[in-house]
> 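Below you'll find the structure I mean.
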Amino acid sequence: MSGLLVRDLRVTLPGPVEAVRGLSLAVPPGSVVGLVGASGCGKSVSLLAIARLLPKRRGLVVSGEVLLDGRDLLALDEVAMRGVRGRRIGVVFQDPAAALDPLMTIGAQLDEALAANGAAPAGIAGRAQALLEEVGLQDTPRLRAAWPHELSGGQQQRVVIALALAGDPSLLLADEPTTALDPTVQAQVLRLLRDLVARRGMGLLLVSHDLPLVAGQASEVLVMHRGTVVDAGPPRAVLGTPRHPVSRAMVEAAQLARAPAPRAAPARLRVQALRIAYRRGTHVVNAVQGVEFEIAAGEALGLVGESGSGKSSIARAVAGLVAPLSGSIDLDGARPGDPRAWARRCQLVAQDPLGALNPRHTARRALEEPFRIHRLPDAEARIAAVLAEVGLDAALLGRYPTQLSGGQRQRLCIARALLLDPAVLVCDEPVTALDAALRRQVLELLAALCAQRGLALLMISHDFAAVRAICPRVVVLDAGVVIESGPAEEVMRAPRHARTAALVAALPPPLAALGNRRCTTHPSA
Amino acid sequence: MAGALSATPADRARGLGGWLAAWLGGWGQLGLAITVLAVAVALLGPALSPFDPLAPSGRRLQPPTAEHWLGLDALGRDVLSRLITGTQISIAVGIAATLLAFALGAGIGLLACAIGGPVAGLFLGAMDLLRTLPSILLALVLVAAIGTGTGPVTFALGLAFAPVFARVARAGYLREMGAGYVTAARGLGASRVRLVLVHAAPNLVGPLLTQAAIILPRVITKEAVLSFFGVGAAPEAPTWGRLIAEGTRFVERAPHLVLAPVLALAVVTLGLSLLGDATRRRLDPNRVAG
Amino acid sequence: QQEPQRGGTLRIAQGSLRTADPHRHTGDSPVQQVYAEALTSISHDGSVKPMLAERVEVSPDGLAYTFHLRRGVRFHNGREMTSADVVANVERVRDRVQGGWLTTAMRGLRAVEAPDPHTVRFVLAEPFAPFTNLLSELWILAPETEGWATTINRPIGTGPFRFAEYRPNIRFVGEANRDYWQAGLPRLDAVEFDIRQVADRSLALRAGDIHVARIPDDAVETVRRDPNLRVTFYGDTEWCAVSFNNRSPRGPFADLRVRRAIAHAFDKEAFMQTVGNYVVGNQMAAPGSYHWDEAMERADPYRQPDLARTRALLAEAGVVPARTPLRIVSWQNDYSLFTAQTMRGLGFNVEHIALDDIGMQTRLTRYDWDLTPVCSGPRADIYLRFVRLMSEGPRPQMWGGIQDARLDQLISQAVTTVDDAARRRRYLEAWQHVMDSHQVLVLGHRRSPIGVRAEVRDFQPGFTVSPHRVDGGVAYTWLAR
Amino acid sequence: MSRAGRIGGVALRQVLLLLGITVAVFVLLRVVPGDAVDVMASEGDITVAQEDLLRRMLGLDIGWPGQLLAWGSDALMGDLGTSLRYGQPVSDMVWAALPVTLGLAAAGLAIGLALGVALALLAMLRPGLAALVDALNVWSIVMPTFCVGLAGILVFSVWLGWLPSLGHGLVPAAIIGLDIGGQIAKPLMEDLRETAEARFVTALRSRGVRRGALVWRHLLPNSLTAVLPLAGLIVAGLVGGTLTMEVLFGLPGLGALLLDAILGRDYPVVQAAILVLSAAVIAANLATEAMQRALDPRVR
Ligand SMILES: Nc1ncnc2c1ncn2[C@@H]1O[C@H](COP(=O)(O)OP(=O)(O)OP(=O)(O)O)[C@@H](O)[C@H]1O
Ligand SMILES: Nc1ncnc2c1ncn2[C@@H]1O[C@H](COP(=O)(O)OP(=O)(O)OP(=O)(O)O)[C@@H](O)[C@H]1O
Ligand SMILES: [Mg+2]
Ligand SMILES: [Mg+2]
């Protein structure tokens, strides 16, 4: 049999952690198989095990069968495996920034990958150029000379895909290949992958949290739960009309509410003519240029835009962490001059909750931090109250950040921000890294906070669905400039600016549409 | 997510000793045992030495015998007694100099970083200065000025190694200040000094301690070099360094003189290095983060 | 006995060369003797022999010295040496070169004249016994040497080897002077002095990289065991002593009884053992030498340690050692440790300050100490030893800064005495005074070992560190092949 | 403009540093008891009166600020003065000694780097060899170079007679190399092992990149950037190591010159030697930083 056939794959990691327990799946040539499941259910480990890339350590046990075109990969030695990797199997890794050698230019890494897979030296330059264009990267000569850290997250992700395709593999294992991408680029990359599947008869095993996306791409969906596949079938069956409890819970979590229509209220936070620039060696990067917006009490404002458009920069400026070049930020007449005073009015929940928590401090210590800094009384009582508000169990207080789930960590960070009773909360990409269930939890929490506390919320995301779920109004940013703003539903339905239109058009259709439409290819911009 | 620390409650049930043993792992335990033994010898020092370490007790350069296990030195003094007595001084000098280097390099370094501005510049300049001046010169000058003794030697060695800690501290400081949780604390309104002391410094303890474990035996050997050049500890103090330097004069006729302290130093170094490795593995925040 | 062979280069590591200008040094440049010679020369046994002079006549009052120069002595530039050259050199040392160490000897010089090309007459203000001896280090150079008025860099002398290459602290090379006035000498083609600072020369010697080297005392045994090597010694000795603080003695240490007590405590044999190559003694002059006195040696009350006497004397003086601080300032060496250990053994509250060479000498000048153990190197004349005990002598701190008018007088009398036997008596008298007042306690003498490879023939070290003299040294040396 | 400005800033900083060192050494030396005249006097028999005369002649009778001023103004004119003990121009002495030290240091560094890198790589590929790395590490910590040097002379020159005991740089360079190799090998090995498990290495393997390319083009450069901060320690070790080796093996380098000058209180020589030595160390530090920048685009 050709294609990939995995039978009863079991992986025990040192620990011991039984990460994969009897996984079986098949990826025939020319097919797209989606693998979905909650965070930590074993998707990435399975992929690494198939490509035999798990780090060799004492305690690592891999058993079962991984047949590629009839050959058992688990029985091959390293040298034979090297011939398989790259040319027969390509892998796209989950975290693109970490998957690139930081000390080598993009061009050199591409050339190396091409050479390793037997490309003739004369043809390498041309092939590299073509590959980069295939994944939708422009300005390729400059890009080839660039270092990984000089690329935005989206660019890095596309480079990693190009590298995986360098050897013309007959099977591509793609782990969250589009998480870091904004909708336009995401659509473009997915189109490319589909083309390859169709043209070359490549098999694609696609791992993702994004159920609508998987539904739109895969011919078969596998639902993984605690190391095994618990549900499988065509997307319409598994995701459209889920029957297995795990699938059903997942699909339900992916359905998000819609924010209410915007109300008129007096503005609390007023941002005017904001300009932010970074000095990078000798030249200056103008990240944000003349941005203006207002948020009222109890209102959530969504800030969307392509990667690198300046969203996080605005968040940092509003939180008083970077000083803007010019412009004003005004909160009930106060300005972010004195960091201590400003911290009590405006709080930021950073993009990466794990990073924002000191690994040496327990949850309790993290929550006590604001009390220590500002010498506030009643820590115990206030912490208990806020915990209840964000829905965290007080039993978790003794744990360290690594012992909490992603959703718990995110809520811990929100709780810490709330302890200072700020008027404004800024959330930078609060849900992008979370699976469907966690994402929904966090979004519901944020919505509730706005409603109950009268918080002014600035939510930053390139996840349009998430923004639309809680923000009545959105501001669309492009290259540091506001190109559109207005009620979320309106902007989504009838975007006025071409770039907004492109962003919206690139969104995959919601799962709810699965029952009504056949959806093998994606509507394109 | 099953982090390394989640196993601790179970281990704690086995008592502190058991917990420590599990925490360190096999090699780490060996390292700890050696270190504890060395410290015990250092503490008990004089009580353990069979002979007066300063007074002659037999024929010069006598090889090891049943009475004198490690033989006698050039003045007929019992080498074992000198080694045992020297343990105390060497380890004391080693620890004191390492502490001084630590305090100067890491302590003042971090504080200077925290205060920033010209203070940091001044501090970095001073460290560059120390880094550039050969420590032997400093020791020579000090000894010429105030005479040999544990004080000047400790001071010279402490100054000499301060830049190493300063470098580790500064690199760590820069890394930590970029960490998400430091930015988060900044967002909570924390002052710069608080950021350094509460957030950055504890995360630097691991690397700095590792550095200290590496430096400590180096300090002891360096003292040998100073002794060789006649600017080591006081001639009455049988530090390991002095024993090595003195023994080197007779390396051919009485190799036991130099072998005994070198082996002792090797064992302690190995112990500290094993302990340091184990501790670092445990304190590394990346590993804690799983 | 083999016939001497000619040729070859002798590599020797002994002595130093601080400056190429022989008149400018301050007393530590013996290597220059191979290219620059003097009117006199010190033989291996310490006696003074004429060198560039054929003979010397001393007037009965000891004030006039007449040197009859040797004929046919040529400088390295081929010109014959005359008495005018000698006078020019004396004048250069006396008038031009300040700070050179011979200036002391020139102090009492009233006149120097050259009555004819081959005679030089010195007239002194008062008799000065070591005069001919000291002249052995007044090197005669050709006055036309470049830098005569300032500093000489390529000296033109009369020695058996010409000045060929000099790199400070690295090496000096002398090439054979084929016109040397001693016919048939030198036998070597060249000498190469290794003047690097090296920890242990005996290794290079054993490895065959060097023919002759001053070796550490520790190495003597190993070198002796090597059949290719032998050990020999300088003619003169170093004297080792313990000095009390004589300038401003502290606490009970001014008390003669206490000083005697301490003297009784020293085990001279054991002390000297830590120094090496020793004889025990109680005088500045080495046992067996002219100025040494056997009766005085036999009468030494401190020949053997006597701790009972020590205790009794201390008790008599009312000294409780445990409550008495005793500060020792010293170099860092084994005999200093021994000294400190001995004092500790008596129960004193010992503070031992060990420093580097100059640090110690400077520290001594503070006179805030009680005891210092010192050794002092070979000297061409006994006066050079005694002068250090005088009030105006060099480096007085080493001997506790003695300022003793009576002693000054005794030594002055001795040095101005013309008659040998009478002078010897006066020196002994002076020494007896030192011993009686317990200013300095001599423990013994040591000889500095020199390792010599077997193929080196006819090499005998000098009385002091000088490598060349009229009747021996490197000019005579040859290499057997 | 801005780039030039930055380079100018760095240069200014180093110049200030050198200035600081000069003044520090000057003051330190003058604080130390005893001067060159004491040394001369202790070697010979000059009287106290003569000592004073000599001091006047050598300009040692004025206080140290005056001496500093005199020395500084001469040094600015390019005149490093004359040795108090040898009467030779200091610059000649230093220039003659410099190549010896630089050669020895360079050879030692080369051997050390080769040894350290080779061992670390081998130990990464064959974990059994880690013991060798540990052994070398312990060796470099506990074996003082003077001790090894003496043993080296004994074995290679006295017993085997293969090499002259003095004046050659082979054994000294090897000893320094062994010392440095021991310092590098262990951290490098550890970092290599860590890097070998980095995600980007897994990614490279997933593309079928051969092991040789993996090691030389990816692992080693990445790990070297982690070991480069050790350079300070290594340079300090080089300075100490060359000093010891020069004294032991009779190599007429800067270290031997410096030691002799310190013991002889030959101030101008000490000053010049320290100045040159410091400049070399500063250059080495700058070179390390430049290398770091060349290797790692992130810190550019
Ligand atoms: N190196 C490792 N050592 C020990 N346990 C591990 C290791 N890597 C992963 N695990 C554990 O194995 C399980 C499966 O992890 P895996 O990375 O495959 O999850 P995932 O399904 O990819 O999750 P996500 O959607 O968050 O990427 C988890 O419990 C995880 O904690
Ligand atoms: N510290 C910095 N130094 C230099 N340039 C920076 C820095 N931080 C951001 N930039 C640049 O500023 C621009 C805006 O960055 P910002 O992080 O605000 O983007 P973003 O909209 O949050 O993107 P993403 O969706 O990828 O997080 C980008 O071009 C980025 O490269
Ligand atoms: Mg994953
Ligand atoms: Mg961002």
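Since we're looking at a predicted model, the values are computed, not measured. We name chains A, B, ... by the order of the sequence lines, and we start the count at 1 in each one.
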> Nearest 0.5 angstrom please: A:Leu419 CG to A:Leu376 CG, how far?
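Result: 9.0 Å between the selected atoms.
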
> Between A:Arg416 and chain B, with a heavy-atom cut-off of 4.5 Å, which part of the residue counts as in contact: side chain, backbone, both or neither?
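For A:Arg416, heavy atoms of backbone and side chain both lie under 4.5 Å from chain B.
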
> Return yes if some donor-acceptor pair links the side-chain N/O of A:Arg409 with the main-chain N/O of A:Pro401 below 3.5 Å, else return no.
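Answer holds: yes.
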
> Select one option (side chain, backbone, both, neither) describing which atoms of B:Val182 are under 4.5 Å from chain A's heavy atoms.
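It is neither, since no heavy atom gets under 4.5 Å.
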
> Is it the case that the side chain of A:Lys43 and the backbone of A:Ala38 share a donor-acceptor pair, with hydrogens and angles ignored and the cut-off at 3.5 Å?
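Answer holds: yes.
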
> Taking side chain as everything from C-beta outward and backbone as N, CA, C, O, which of these in A:Leu420 sits under 4.5 Å from a heavy atom of chain B? Side chain, backbone, both or neither.
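The side chain, not the backbone.
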
> Quick test of your reading of the model: are A:Glu369 and B:Arg194 salt-bridged, counting only N-O distances below 4.0 Å?
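Salt bridge: yes.
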
> With only heavy atoms counted, which part of A:Arg345 is less than 4.5 Å from chain B, the side chain, the backbone, both or neither?
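A:Arg345 has no heavy atom closer than 4.5 Å to chain B.
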
> Looking at A:Ala356, A:Ala350, A:Ala343, A:Ala341, which makes the most heavy-atom pairs under 4.5 Å with chain B?
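Going by pairs under 4.5 Å, I would pick A:Ala356.
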
> Would you give me the side-chain donor-acceptor pairs under 3.5 Å for residues 27-42 of chain B, sequence neighbours excluded?
| residue | atom | partner | partner atom | Å |
| --- | --- | --- | --- | --- |
| B:Gln29 | NE2 | B:Ala21 | O | 2.9 |
| B:Thr35 | OG1 | B:Gly31 | O | 2.7 |

